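First up is the structure itself, then whatever we jot down about it.
Predicted model only: the values in this text are computed from it and were never measured. Below, read A as the first sequence line, B as the second, and so on, with proteins coming before strands; counting in each chain starts at 1.
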Amino acid sequence: MKDIEKKWQEKWDNEKLFESNPNEKEKLFITVAFPYPSGAMHIGHGRTYTVPDVYARFKRMEGYNVLFPMAWHVTGAPVIGIASRIQRKDPWTLDLYENVHKVPKEKLIKMEDPEYIVRYFSNEYHNVMHDMGFSIDWRREFKTIDPTYKKFIEWQIKKLKDKGLIKKGKHPVKYCPRDKNPVGDHDLLEGEGIEVNELTLIKFKHDNEILVTATLRPETIIGATNIWLNPNIEYVQVNANGEKWVISKDAHHNLKNQIKDLKIIKEIKPEGLIGEYVENPFTGKKIPILPASFVDGEYGSGIVFSEPADAPADYIALLDLKNNSELIDKYELGNIVKDIEPINVCNVKGYGKIPAAEIIEKLEITNQEDPKLQEATNELYKLEFSKGKISDNIPVFGGISVRESRESFKKQMIEDNTATIMYDFAERPVICRCGERCVIKIMDNQWFMKYSDPEWKEKTLKVLKGETIIPTEIRNNFEYYINWLDDWACSRNVGLGTKLPWDNQWLIEPLTDSTIYMSYYTIAKFLRDIDPELLNDAFFDKVLLNIDSNDILVNRELVDEIQAEFNYWYPLDWRLSAKDLVGNHLSFLMFHHSAIYPPEKWPKGTVIFGMGLLEGNKMSSSKGNVILLKDAIDQYGADVVRLFLMASAEPWQDFDWREKEVLGTKRKLEWFKKFASRVEEIKGSFLNLSNIEEVNLSRTIDLWMISQLNKHIKEATEALEVFQTRKALQEALFLLKKDIDHYMYRVNQLIENQDPDVIYVLSTVLESWIRLLAPFIPYTSEELWEQYGGDGFVFNAEWPKYNENLISEKIERSEYIVENIIKDISQIQNIVKGNTKKIHIYLAPDWKWDLYKIADNIGKPDIGQIIGKSIKANIHDDKKEIAVVAKKIGREMTKTHYIGKINEEQILNDAIDYISNESGKEVIIHTDRDYDPQNKFKNAIPYKPAIFIE
RNA sequence: GCAGGGGUGCCCGAGCGGCCAAAGGGGGAGGACUUAAGAUCCUCUGGUAUAGGCCUUCGAGGGUUCGAAUCCCUUCCCCUGCACCA
C-alpha cells in the first residue's frame, strides 16, 4: 500500500502533473480557505482539502485546465499565545502539543518561537497533503508573512483606504491585564463564551462627588427610589476627566481600561454615605443611599440605583431592609425606609403595576441572597424588553416600547453628560490561561473596515447575486450576514502579520489580510523570485487592475507575463470553506472583491463545508478528540481515507468518522482491486483495457448491466458537477458494485464457460470504473490503469462518457420483472408451506397491454374513465373482464408506470434457468390458458405475470 | 432572544406528492463456501396472512388531495452561528 502510494507520488511529481499553466483549454480555478497551521492536521482537515482535490481531478478529466493551489495563513495572535505558554511550560499546552499534535520533544522546545510553530506545522501540512495525493500546484505555495505577500497586503489595504472604506474608531475587547493582550475564547481558562454587556453609567450627584451607578436598563431611571451600596465591599473615589466618581475598588480595576487616566484619589467608607441623599440626574429628585448585600463590587461600577417596580433584586432588597431593624437602627434609616415605595415605570401584559413583586412571589424568592433571583431578573428583563411599554403616566415617554425608549433615555443622558457607557462581562469569572482575571478594555485609535457602509453592502450583495452557492440554503445566511455586518476592527497590536502602512503601531487583522489572496496564487510563482522592494503599488495596480504607470520597477515583459497569468485564472470559479466562516471570512471576501475588482473578476461560486465528528462526538483538537490525518493514512492508506471522507457525507453535511465504517470502506476498495483481477482471470489471458474486443450483445441481462453502468456514470457525473461527492460515490461505487454482484450472480454459469459477451461486459465496466473512481482513489486507479493496459496516467484519461441510448427503461423493467417473480414465488411458497413441484407463469394477453396504455393516457386511476375508453376502443369482447382488469390496473398504474409493451415471453425465457434455480422448481411459461387448473391466467397483467404453484 | 438548519425503521443516513414498508451503509439472524475462523456471495431484518395480500409506521396534532414521509397550519424537541477570533 505504502509502496504504491510512494510510487505514484514520485511519478506525478516527476511529470509535474499538478503544475498548471495557462493554455488554450478552458480554465477552472478552485481554492479552499488556507489553514492556520497552529496544530497538526486531522481527518476533519482531510475532508476539507479532499473535496477540492476530487473536484479538480474530475474537472481535469473532463478536459479543463484546473488550478488548485495552497498556502499558509500564519498571521494572527494564537501562535503568540501558544509560544508563550510553551515557554512558560504550561502543562496543559505541553500535553496538548506532545500527545494530541504529536510533536517530537526536541521540536517542542523550539516552539517557544511563534514563527517556528507555523513553520513546523505548515511544513507538516504540506507533507500530509502530499501524502494524501492532493493535486496541488506547489510552486504557488506561500506564507502570509512572506515579504512579497506583505507587499500585496499593503497594496490592498491602501486601496481600501483610498476608497474611503477604512476609518478610525474604538472598540471594547476582552483583555488580560497581565499579558497586556486581548484574549479570545481559546485563551481562557474559565469563562468561555461569556458575553460582553453594554452598561449605562448614570451619575448621581452627592456634594462635590458623583456616585456612578451601572445599569442595563437606563429607562428605569424614572422609577429610581434610592441608591444601593454594599457596606461589605471597598469603594474608592477616582478622578474621571476632572469629575470625582465613587465606584467600587474592583470596578476601578476594570474601568481604568475603558476610561483614560482613571486615578484613585482616596478610599471611601461606604458606611459614611449610607443615609445621605443624591440627586437623580434625570428627574432632579433627591433619593437616599441605602445598604444592600446583593450588590456585586466586581460587576459594573459596584453601585446601582434601585428601581423596585421592575428589578426583582431591588424589590427584595427593599423588603429585606424594611424588615431588618438591626440595619435600620445601625444607620438610623427608620424614617427614610418606611416611605420608599416602588414607582410604576413599565407595563407588560400578564403583570400589574409592580411586576418585580409578582415574579418574586411566583418563584418563591424569600431574600436577596436567593440564587433564583438571577432567573427572575432575566425573565422579567427579556419580557419587558420584547413586549413592555413605558407607562402612560410618565411624561414624554409614556406608551413607547421599552426597547425604543431605552435608546432615547441613554442618548439624552449621554448628551447631558449625566451618563456614559461602560462594558462588562455578562457573567463571572473570566480567567485568562495565565490565571489573571480578565477585564474589558477599550482599544482606541483602532482602524475599522466600514462594512456598515450601505453602498458597499449593496455592491457586495451584487457579488453574492452573481455567485452559485452550494448548498443553496446558505445564500440566505450570506444575505443576512452581509446586511448585519457592522464595522470591523481591522487592526491589532499583537500577532504575526503586516503593519498598517500609514499607522505603524498597528498590525493588519488576520481576517482582513486574507480576503482577496486568491489572486495572489495566480502570480505567486513569479513573485517568489522577485525582490520584494520592487513590488510597489504601481506593480500591483498594473498586474491586478491594469492601471499603467511609470513607477513600475519590475521588468516590463515579466510584468506583462504576470498580468496575463492573473487574467487567465481570475476570477475564482470556486471558493470552498467551512460553515463557521460564512459570517466573516466568506462575507469579507465578497466585500473586498466588490471594492477592489471590477465585476468580471468577482468570484463565481462558494461551497460550504460541515464539521467532522468522531464516533458521534464533535472533533476538537483542544479536547484531544481527534485522529491525525497522518495516522489515518498510515493505518488505512490514503485512498481509503479519501474514499471514506467523500462517501460518508456530502461536503456540507457533518461527517462522522467511525472506525467500523472506515474498515467497511477499506473492504470495498479491496473488493474493487480483486474485481479487476477476477475479470482478467475470467478472460483467461492478459486483459488490455485500451483494446476491448467489441461484441454485439443480445441477452437481456448483459444489456441490463451496460444500461446500469451508463446510468450510474450519468448520475455520478451530474452529482460531481455540484460537489455531491457522496451521491457520486453512491452511484459510482456502491450501487454499481451492487449491480455487478447481481450480474455476476446471474451469469455465474456463463462465466465458467468464458462467455465472450460476459467478458466484454465485465471489461467494459472495469475500464469505465477505474476512470470513474480515479478522482476519489487516485493511487489505486493509477495502479490498475497501468496494470491492465490503460494509456498513460489515469490522471490524464478522459472522464467516462455515458451513452443515453444504452440506458433503457425497458431493459431495466425486464430485470425488475424477473426479480419480482422470484420474490413473489418465494413469498407464496412461504405462505402455502406445502410441497410444491412446478411453477406456472402466465403472461398477460395483448388486450391488457392496450388497457394499460389507455389507463396511462388518462394519467390517473379513474376506473370509470378507463373502462369507458377501453370498451369504446373495443380492445376485448368481454366487458365484464375489462372492468375487473381495469380496476386492477388502476391500482397498479400508480406504482408501476407504463413504459410501453415489452416482450415478456423472451425476457422470461432468457431467465428461465435462473428462476428455476432460485426457486428450486421446474418453471413453465404460458401465453394462454391451455393448462390453468386454478384459473390464475386471468390474474396476469402487464409487468406482472400470474403465478400458479402446484 | 435573533438568524439559519433539522427531527425517517435497532443505529447512521437517502428520499421531499403516486414505482415508498421507504435507497445505501452499520449492526443482527439464517444460508452457501471453508477443517475452522476471517473474507466473499445469497436471503431475511415493522406486524400479520395456506396465493403475490392486508394492517401500522417517517417527532406530535390538524388540514389540502382520489393519493402525503413528502404540500399547508399549529405544537414540541434538537443542532449551528451571533463577531474583533482563526
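Annotation: B:rG6 and B:rG15 have their C1' atoms spaced 15 Å apart (nearest Å). B:rC72 and B:rG17 have their C1' atoms separated by 13 Å, given to the nearest Å. Using P as the reference atom, B:rG52 and B:rC42 are 28 Å apart when rounded to the nearest Å. Taking atom C1' in both B:rC78 and B:rG27, the straight-line distance is 25 Å, to the nearest Å. For the P atom pair drawn from B:rG47 and B:rA14, the interatomic distance equals 25 Å after rounding to whole Å. Between B:rC20 and B:rC58, the distance separating the two C1' atoms is 10 Å to the nearest Å. If you take atom C1' in B:rU56 and the same atom in B:rU75, they sit 24 Å apart, rounded to whole Å. Here, B:rU45 and B:rA39 have their C1' atoms 22 Å apart, quoted to the whole Å.
If you measure from atom NZ of A:Lys737 to atom P of B:rG24, you get 12 Å, rounded to the nearest angstrom. B:rA51 atom P lies 22 Å from atom CD1 of A:Ile822, rounded to whole Å. Taking atom CG of A:Leu645 as the reference point, atom P of B:rG25 lies 19 Å away to the nearest angstrom. What separates CE of A:Met744 from P of B:rA32 is a distance of 22 Å, to the nearest Å. A:Glu473 places its CD atom 14 Å from the P atom of B:rC16, with the value rounded to the nearest Å. Between A:Glu650 atom CD and B:rG24 atom P there is a gap of 17 Å when expressed in whole angstrom units. With rounding to whole Å, A:Glu661 atom CD is found 14 Å from B:rC11 atom P. Atom C1' of nucleotide B:rG81 and atom CZ of A:Phe609 are separated by 19 Å, given to the nearest angstrom.
Candidate nucleotides B:rG27, B:rG53, B:rA86 were compared by shortest atom distance to the side chain of A:Lys660, and B:rG27 ranks first. For A:Asp486, whose side chain is taken as the heavy atoms from C-beta onward, the closest listed nucleotide among B:rA51, B:rA86, B:rA83 is B:rA83. Of the candidate nucleotides B:rC82, B:rG26, B:rA86, B:rA86 has the atom nearest to the side chain of A:His73. Side chain of A:Ala946, nearest nucleotide from B:rA14, B:rG52, B:rC41: B:rG52. Comparing B:rG24, B:rA86, B:rC41 against the side chain of A:Phe734 picks out B:rG24 as the nearest. Across B:rC85, B:rG13, B:rG18, the shortest atom-to-atom separation from the side chain of A:Pro861 is found for B:rG18. The nucleotide whose nearest atom lies closest to any side-chain atom of A:Thr894 is, among B:rC85, B:rG18, B:rG5, B:rG18. Side-chain proximity of A:Tyr745 to B:rC85, B:rC41, B:rA39: nearest is B:rC41. Listed nucleotides B:rC11, B:rA86, B:rG52 differ in distance to A:Asn939; the shortest reach to its side chain belongs to B:rG52. Picking from B:rA23, B:rC41, B:rA51 the nucleotide with the shortest atom distance to the side chain of A:Gln730 gives B:rA23.
The pairing partner recorded for B:rG1 is B:rC82, the criterion being a Watson-Crick or G-U wobble arrangement whose two distances lie under 3.5 angstrom. For B:rG24, the paired base is B:rC12 (Watson-Crick or G-U wobble, both distances below 3.5 Å). Pair check for B:rG67 finds none; no Watson-Crick or G-U wobble contact set falls under 3.5 Å.
A salt bridge between A:Lys714 and A:Glu731 is absent, with no side-chain N of the basic residue lying under 4.0 Å from a carboxylate O of the acidic one. The residues A:Arg678 and A:Glu681 are annotated as salt-bridged, a charged nitrogen and a carboxylate oxygen being separated by less than 4.0 angstrom. Ion pairing of A:Lys737 with A:Asp741 is present here, as a side-chain N (NZ or NE/NH1/NH2) and a carboxylate O approach within less than 4.0 Å.
A:Val183 comes within contact range of the sugar-phosphate backbone alone, with a heavy-atom separation under 4.0 Å but no base atom that close. Residue-level contact check: A:Arg726 touches the bases, meaning some heavy atom is under 4.0 Å from a base atom. Among the protein residues, A:Ile825 comes within range of no part of the nucleic acid, since none of its heavy atoms lies under 4.0 Å from any strand. Across all strands shown, A:Lys727 has no heavy atoms under 4.0 Å from either base or sugar-phosphate atoms. Counting any heavy atom pair closer than 4.0 Å across all strands shown, A:Lys666 reaches no nucleic acid atom. In this structure, A:Asn477 reaches the sugar-phosphate backbone alone: every heavy-atom distance under 4.0 Å involves primed, P, OP1 or OP2 atoms, never a base. Counting non-hydrogen atoms under 4.0 angstrom, A:Ile474 reaches nothing in the nucleic acid.
Atom CG of A:Asn197 is separated from atom OH of A:Tyr423 by 11.0 Å, given to the nearest 0.5 angstrom. The distance from atom CD1 of A:Ile740 to atom CD of A:Gln708, rounded to the nearest 0.5 Å, is 10.5 Å.
Among A:Glu718, A:Glu650, A:Glu715, the one residue that satisfies the salt bridge (Lys or Arg N to Asp or Glu O under 4.0 Å) test with A:Lys727 is A:Glu715. Residue A:Leu576 is tested with A:Thr606, A:Val32, A:Ile470 for a side chain to side chain contact (heavy atoms under 4.5 Å, CB included); the sole match is A:Val32.
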Legend entry - Heavy-atom protein contacts under 4.0 Å, nucleotides 43-49 of chain B, coded B base, S sugar-phosphate only, - none: ------B

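Counting non-hydrogen atoms of other residues, nucleotides and ligands closer than 6.0 Å to CD of A:Glu615 gives a total above 12.
Ring pair A:Phe937/A:Phe948: centre-to-centre distance not below 6.0 Å. Ring pair A:Phe448/A:Trp488: centre-to-centre distance not below 6.0 Å. Taking the six-membered ring for Trp and the full ring otherwise, the centers of A:Tyr943 and A:Tyr816 sit at least 6.0 Å from each other.
The side chain of A:Trp671 contributes an N or O atom lying less than 4.0 Å from OP1 or OP2 of B:rC41.
A donor-acceptor contact under 3.5 angstrom links the side-chain atoms of A:Asp824 to the base of B:rG52.
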